[in-house]
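Order of listing sets the numbers, starting from 1, for every ligand and every atom in it.
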Amino acid sequence: MHCVLIIYFRNNRAFGVPDDDDAFETVASDLMPPNESRIWNNAIMELGGVACGKTPRCDVAGCPWREWCHAYETGDFTAPDVPSQPSFEGSRRQFRGRVIETLGEYDKLELSELGPRIRVDYGGDTGREWLRELVTDLADDGLVAVDETGDKVCVSLRE
Ligand code: SF4
């Protein structure tokens, strides 16, 4: 549930959340605005991508969270899990983000239409079965809706 947020909280400094799965889950649930999961997830990912990366760019990027940020207030910018995190490039997390971003541009896409839009090497080991598993995880997290009719599997953002 709220996996994108939990992953984000695990990596970030902004909310001063203890390094604990239950704590991440609780904070993610409390902060997610009702019926705004798409906008919220995009905003959180944008914050991580533009300002709050491995080396935070608080003032340079004009981070809008500075007023409330635990790390900015305390000066402690350590993020315990960051050094051991696998590279974002090519990661499952990156492809999850791409699915959400791509579906934001379309009402609904069949897997065969979605796959090539999120990776240039779509096919083989990273083909339909791989994508089906990825969108199933996103559906389990309440982020997308999966509509299966015969051989067609259509995916859309969950509102
Ligand atoms: S103020 Fe700095 S540490 Fe806090 S969320 Fe923004 S970029 Fe990250």
Fill in: Per-atom contacts, ligand 1 versus Arg66 - under 4.0 Å to a heavy atom
1 (S)

Discussion item. With respect to atom 4 (Fe) of ligand 1, please indicate if Cys69 possesses an N, O or S atom at a distance under 2.8 Å.
Written reply: yes

Item to complete: Would you verify whether the NZ or CZ of Arg117 falls within 45 degrees of the ring axis of Tyr122 while also being under 6.0 Å from that six-membered ring's centre?
Response: no

Item to complete: Could you list the atoms of ligand 1 found under 4.0 angstrom from a heavy atom of Ala51?
Response: 7 (S)

Worksheet item: Measuring from Glu105:CD to Ile100:CD1, what's the distance to the nearest 0.5 Å?
Response: 12.5 Å

Worksheet, complete the sentence: Filtering Gly62, Pro64, Cys52, Ala61 for the heavy atom nearest atom 8 (Fe) of ligand 1 leaves Cys52

Discussion item. Please determine whether Cys63 has a backbone or side-chain N, O or S atom lying under 2.8 Å from atom 2 (Fe) of ligand 1.
Written reply: no

Practice prompt. Determine whether the aromatic ring centres of Trp65 and Tyr72 lie less than 6.0 Å apart.
Written response: no

Fill in: Exercise: identify the closest heavy-atom pair between Trp130 and Asp125
CB-O, 3.5 Å

Discussion item. Between the side chains of Glu133 and Arg128, is the shortest nitrogen-to-carboxylate-oxygen separation below 4.0 Å, so that they form an ion pair?
Written reply: no

